[in-house]
There are 2 protein chains.
Amino acid sequence: MKQSPSPAPSPDLAASRLRAAGLRSTRQRKALAALLFDSAGHKKCRHVTAEALHTEAVDAGIQVSLATVYNTLHQFTIAGLLREVVVDAGPSCFDTNTSDHYHLYNENTGELTDLSARRIRITGLPRLPAGAEVSRVDVVVRMRRRST
Amino acid sequence: MKQSPSPAPSPDLAASRLRAAGLRSTRQRKALAALLFDSAGHKKCRHVTAEALHTEAVDAGIQVSLATVYNTLHQFTIAGLLREVVVDAGPSCFDTNTSDHYHLYNENTGELTDLSARRIRITGLPRLPAGAEVSRVDVVVRMRRRST
DNA sequence: GTGTTTGCAAAGTGTTTGCAATTTA
DNA sequence: TAAATTGCAAACACTTTGCAAACAC
């Protein structure tokens, strides 16, 4: 599969990204960051579980333990590089899209898609008690094949 | 508390509710249904975890196993008596309010409150592919103490 | 009676953690 | 070299399941 001179998934792009986020740039973090953020052929927005990312890394010949993948995903999330998404029970999902957006969840396939928050408008939200603020509004549109 | 002719916390109300839902009325189900739907002094809308409901039942002198509580909560959910709510990882929550509504989640306390869907309007949702339908739109407003 | 439900304990997920060895800055 | 990170395996939290005994109808 390593066929042409086309650049291997970003040489030190990952490293600088890590630095910018205040994280030490280790072999494992660089590799995972490259998979998450820089791989060509990937859509901009990825939704991965720890398990899936670990498999992907191992398949790509990257030696990293599942525990480290978990830890790394959380560190990336805290650093603001990822956002954790909860649609239902089961493995939690990490989203490379950290901008303001919502989700479309396909109940039949489990597929998760981003919905730009630009088009969607939510009105009538309640006034919060003083001293409180909205940290985020999560919206999940659940869709399925029409049954009736 | 059984003072007036006013009915004690629903004698067979729970039983008939179960029948209506097509569930056999067993001792455990009746007791759990009574706790969930009929207890005086409770708010109309309850958000319980399996663990919490089990504890509550045991404290009330009801003999029931945690496994049965889990099973019963799912049966109630399938029967449309409850709705499962996911706000984040951790134990899943069951909501006695099955009407159309959203949730306010207090990140500091973990408290979950219902938001009537009547006031809230969501516009700009995407058109779905033919043959697909929206099964539900989940909205969670996450609030916290103002930090900045 | 017959099919359903229960409870237990065991197995199953998905995730976190303690700690020695390794790596980074 | 000091501090952070890794990997393993064990622990963990939450949930489901297999199966025999108990129960509802």
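We name chains A, B, ... by the order of the sequence lines, and we start the count at 1 in each one. Being a predicted model, the structure only gives us computed values, none of them experimental. The figures here come from the full heavy-atom set of this structure, side chains too, leaving out hydrogens, waters and symmetry mates.
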Given atom [atom1] of [X] and atom [atom2] of [N], what is their separation to the nearest angstrom?
{"X": "A/Q75", "N": "C/dT24", "atom1": "CD", "atom2": "C1'", "value": "14 Å"}
{"X": "B/E84", "N": "D/dC14", "atom1": "CD", "atom2": "P", "value": "14 Å"}
{"X": "A/I62", "N": "D/dT5", "atom1": "CD1", "atom2": "P", "value": "19 Å"}
{"X": "A/N71", "N": "C/dG18", "atom1": "CG", "atom2": "P", "value": "12 Å"}
{"X": "A/Q28", "N": "C/dT24", "atom1": "CD", "atom2": "C1'", "value": "11 Å"}
{"X": "B/D88", "N": "C/dT15", "atom1": "CG", "atom2": "P", "value": "13 Å"}
{"X": "B/E51", "N": "D/dA13", "atom1": "CD", "atom2": "C1'", "value": "10 Å"}
{"X": "B/K30", "N": "C/dT4", "atom1": "NZ", "atom2": "P", "value": "19 Å"}

Going by purine N1 to pyrimidine N3 plus the second Watson-Crick contact, or the G-U wobble pair, all under 3.5 Å, which nucleotide sits opposite C/dT5?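 Its partner is D/dA21 (Watson-Crick or G-U wobble, both distances under 3.5 Å).
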With both distances under 3.5 Å as the test, what is the Watson-Crick or G-U wobble partner of C/dT22? D/dA4
Can you tell me if the side-chain N/O atoms of [X] get under 4.0 Å from OP1 or OP2 in [N]?
{"X": "A/R27", "N": "D/dT5", "result": "no"}
{"X": "A/R19", "N": "C/dA25", "result": "yes"}
{"X": "A/T68", "N": "D/dG7", "result": "yes"}
{"X": "A/T49", "N": "C/dG14", "result": "no"}
{"X": "B/H74", "N": "D/dT15", "result": "no"}
{"X": "A/T26", "N": "D/dA4", "result": "no"}

Using a heavy-atom cut-off of under 4.0 Å over every strand shown, decide if A/Q63 touches base, sugar-phosphate, or nothing.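 Sugar-phosphate: the residue A/Q63, judged by heavy atoms under 4.0 Å, touches backbone atoms but no base.
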Where the side chain of [X] is defined as all heavy atoms beyond and including C-beta, which of [options] is the nearest nucleotide?
{"X": "B/V64", "options": "D/dC8, C/dT15, C/dG7", "result": "C/dG7"}
{"X": "B/R29", "options": "C/dC8, C/dT5, D/dT15", "result": "C/dT5"}
{"X": "B/Y70", "options": "D/dC14, C/dT5, C/dT16", "result": "D/dC14"}

Side chains of [X] and [Y]: do they bring a donor and an acceptor to under 3.5 Å?
{"X": "B/Y105", "Y": "B/D88", "value": "yes"}
{"X": "B/N97", "Y": "B/H47", "value": "no"}
{"X": "B/S135", "Y": "A/E107", "value": "yes"}
{"X": "B/D138", "Y": "B/H103", "value": "no"}
{"X": "B/S92", "Y": "B/E84", "value": "yes"}

C/dT24 base to A/R24 side chain: any donor-acceptor pair below 3.5 Å?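 Yes.
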Go through A/R17 and A/D38 one step at a time and tell me if the salt bridge (Lys or Arg N to Asp or Glu O under 4.0 Å) criterion holds. CA-CA 11 Å; A/R17 208 189 300 265; A/D38 304 324; 2.4 Å; yes
Which residue lies more 5' along DNA chain D, comparing B/L66 with B/L23 via nearest heavy atoms: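 Residue closer to the 5' terminus by nearest nucleotide: B/L66.
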